[in-house]
Amino acid sequence: MWEYTDKVRDHFMNPRNVGEVENADGVGEVGSLACGDALKLSFKLDTDGRIADAKFKTFGCASAIASSSALTEMIKGLTLDEAARISNEDIAEYLGGLPKEKMHCSVMGREALEAAIANHRGTPLPMAQGEVVCECFGVTDLEVRRAIQESNLKSVEEITNFTKAGGGCGKCHERLEAILREVHQDLQKIIPDHRPARLTNIQKIKMIEEVLDREIRPALRKDGGDIELVDVDGDFVVVSLRGACGTCKKSQTTLKEYVEKKLREQVLESLIVEEAKS
Amino acid sequence: MSTPVVYMDNNATTKVAPEVLAEMMPYFSELYGNPSSMHTFGGQVGKKLANARQQIASLIGASTDELLFTSCGTESDSTAILSALQSFPERRHIVTTRVEHPAVKNLCEHLDKLTGHKHRVTQLPVDREGRLDLKQYEESLAEDTAIVSVMWANNETGVLFPVEEMARIAKSRGILFHTDAVQAVGKVPIDLSGSAIDFLSISGHKLHAPKGIGVLYVRRGTPFVPFLIGGHQEKGRRGGTENVAAIIALGKACELAASRMEEENTRVKALRDKLENGLLTAIPHAMLNGHKEERLPNTTNISFEYVEGEAILLHLDQFGICASSGSACTSGSLEPSHVLRAMGVPFTAAHGSVRLSLSVYNTEAEADYVLEKLPPIIEKLRAMSPFWQSAHKGSVGGASCKCQCS
C-alpha cells in the first residue's frame, strides 16, 4: 500500500476543479490510456491576463488525480509567466510529498500546464521538440534532461520514477545512462547502476580471446590440454576443451573454477561458461 | 478504523479460521517440545504432526509419506523445479506458462544465473479467456524437457488449467510435472491418488491456516533432490525444525476445507456470481477477465474501462472493502498485470481491473454492500476521466503508445 499524505488523500477523495472550462483560452493534453495515466487541463484568462479558472480531467491513480487537482488550485490567479515557473517539485510539495515511485504524476501535471500555455500562445510544445528516448512511454531526451537537472536525479531508476522513461521494455537504459553522464558531466557523482555494463558481442569476443591467449591457454597447455572458443551468445561463452582436457574427469571443474572465474574477472562479471555439446 | 472490514481479497491471503487458531495455540505455550526429541514431552508433538500430515494427505488424496513441509508456496515451487533440474542435469528445457505466479515465472527466468547453466524456457501463451492450447503444449515438449510447471488455478482470474490431463501427457513422454496449486487446494476437489502429477505446491495462508507454512507433494517414486539440506527432518528431504504450530494449523485447515468444499462450490459460488452479474449489469463498459465456467468458484476479475485500478481500490478502501487490482499503479511497476497482458486484455481495460476473491466467511449482505458502493465509484472516476464522455460513451483518444509490451 502506498503511503499517501493526508493532503494527497484529500485531493484524491475530494478533487477540486474537475471538468473542462468552457471557451477555454488554453487546453493541454498529456499521457494516454495505454500508458496508464492521462491529464487534460484547460484554463480561462481574465482581462488582466491572469488565470481566472482552471479545470482538469484525469485518468490515473490517486496521486495523478491529486496532482491534477493541486495544480488547478495552484495556478488560479497567476499570470501565464508565473504559472510557467511552477515545477513538478512545487506540485509535490503542495501535496506534502509523493512516494518516489509516483513523482511522474507531478511531472505529468507540470507538462499538461506547459502544453496548455503553449496551446494558448500558439507555440510548439518545448519538450516535444526533443528526440524520443523511451518508446514505451514516449518520453523525449529534453524531458529526461530537465528532470535530472531540476530534481538532481542520479540513477536510471530515479529517472523512471520521475518521467516513466525506462519503465517499460528497458531498451533505453543505456541511453538514459549516457544522458545522465552528459548532464552531470562528472562520472563521480553518478550512483553506479546495478545492471552490468554492456559490451557488444564483438568487443566481448575480442576480450575473451585475449584472456584465453594471454592466460588460460598457456596454463592448460602445460597440462597437455587446450581450449577453443566456439560461440558467444549473450552472457554464455561456449567453449570446447581439447587435448588432455577433453578426456579429463575434472574438466567441468576447470571450466567453472578456472576458465569462468578468469573471464568473469577480466571481461564481464555476468559471463557463464558452458562446454559445447559434442 | 470504525468502518467494518468487508474482506474480498482471499486470493491474496485468508483469515486464520477460529477453529484453526484454537488448534495451534497450545503448541506455542505448554506443548513446545521438538518432535524429533527422544523424550515423551517432544514425542507427543510428533504424534500430533503425524495427525496433521494425515489430514492434509486426505484433502488431496495423497499418502502421508508423499508430503514434505516447507515455509511457503514459493519454497515448494523452487524445491520442485530445482529438484527436477538436478535429477536430470542433462535436460535444460522447461515448459511453463506466461501467466504463472512470480514464484514460478521469475524462478524460470533466473535459472541460468542461479544454476550456471543455460536453459530454454517455453512460456505457453493463453487465449483471450486465459486458457491454454493443449496441442501447442504437446508440441512444446522436447527430448530435453526436464519439467513442466503449470499452475492449477490462476491467482488473478481464477481460471483453471487441465493439469491432470497435461500431467498424463508429460508422463507419457517421461517428463516430470509440477503444479502450483496454492489457489486450488481447498477450493476445488483434488485427488492425486490416480493422477500423474509429480509435484504439487500448497500454501497454508491461502486456505485459512497462518502464513509461513507450505507443503510440497512429491509423488512416490519421483526422483527428488532436497532444496534445504540440514537435519534428518522430513526423512532428509527438507532440513530445518518443523514449524509445529503452523503444521498443526494447516492440518486442521485442510480438514475444515474438506468439510466446506461443497459450500465453497455452491453458496460461495452463487455469491460470487451474484456479485459479478450485478456489477456487469450495473456498470456499462465492464468486462469479465477469464473464462466464465472453467475457473475457481470464489474469484471474479472485472475490468472497468477508462478508469484506473488503484483509484478504484482506494475508494473501496474508504468503505472498508478490500480488493485488489492488476493495474500498473498498484504494483509499483509501470505496466499492468502480466496475466491480463498475456490474455490480450486491451490497455483501455487492463489498467482498470479489479479482482474480488471470496471465502466462506463472506455473506450476502457484504455482496449487496459492494454492489451498492462500487458502481458510484466507477461513475465518479469516469466523470473525471478525459477518455470518458457521457455524450458518446466510449473511447476518446486512446492507445497511441508505441509500447512493445502488448
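These numbers come from the heavy atoms of this one structure, side chains and all, not from hydrogens, waters or symmetry mates. Throughout, a chain's letter reflects where its sequence line sits, starting with A, and its residues are numbered from 1.
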Q: State, with a plain yes or no, whether a side-chain heavy atom of D37(A) is found less than 4.5 Å away from one of H351(B).
A: no
Q: How close do H117(B) and F236(A) get, counting heavy atoms only, and between which atoms?
A: C-CE2, 3.8 Å
Q: Should we count CD of E379(B) as having more than 12 external heavy atoms under 6.0 Å?
A: no
Q: Taking all atoms of both residues into account, what is the closest heavy-atom pair of D235(A) and K113(B), and its distance?
A: OD2-NZ, 3.3 Å
Q: Starting at NE2 of H315(B), measure out to CZ of F12(A) and round the result to the nearest 0.5 Å.
A: 3.5 Å
Q: At a heavy-atom separation under 4.5 Å, does K256(A) approach chain B through its side chain, its backbone, both, or neither?
A: side chain
Q: Should we say atom CD of E131(A) is surrounded by more than 12 heavy atoms from elsewhere, each under 6.0 Å from it?
A: yes
Q: Is any side-chain heavy atom of R9(A) closer than 4.5 Å to one of L314(B)?
A: yes
Q: For E73(A), what residues pass the salt bridge (charged side-chain N to carboxylate O under 4.0 Å, His left out) criterion, not counting sequence neighbours?
A: none
Q: Heavy-atom distance under 4.5 Å to chain B: side chain of D233(A), backbone, both or neither?
A: both
Q: What distance do K57(A) atom NZ and R382(B) atom CZ have between them, rounded to the nearest 0.5 Å?
A: 12.5 Å
Q: With only heavy atoms counted, which part of P99(A) is less than 4.5 Å from chain B, the side chain, the backbone, both or neither?
A: neither
Q: What I'd like to find out is whether the side chain of P386(B) reaches to under 4.5 Å of the side chain of E20(A), using heavy atoms alone.
A: no
Q: More than 12 foreign heavy atoms under 6.0 Å from CD of E90(B): is that the case here?
A: yes
Q: If I compare all heavy atoms of I272(A) with all of G116(B), which pair ends up nearest, and what's the gap?
A: CG2-O, 3.2 Å
Q: More than 12 non-hydrogen atoms from neighbouring residues, nucleotides or ligands closer than 6.0 Å to CG on D6(A), yes or no?
A: no
Q: Looking at K380(B) and M13(A), would you say the former's side chain and the latter's main chain have a donor-acceptor pair under 3.5 Å?
A: yes
Q: Do you know which two heavy atoms are closest between Y306(B) and F59(A), and how far apart they sit?
A: O-CD1, 3.3 Å
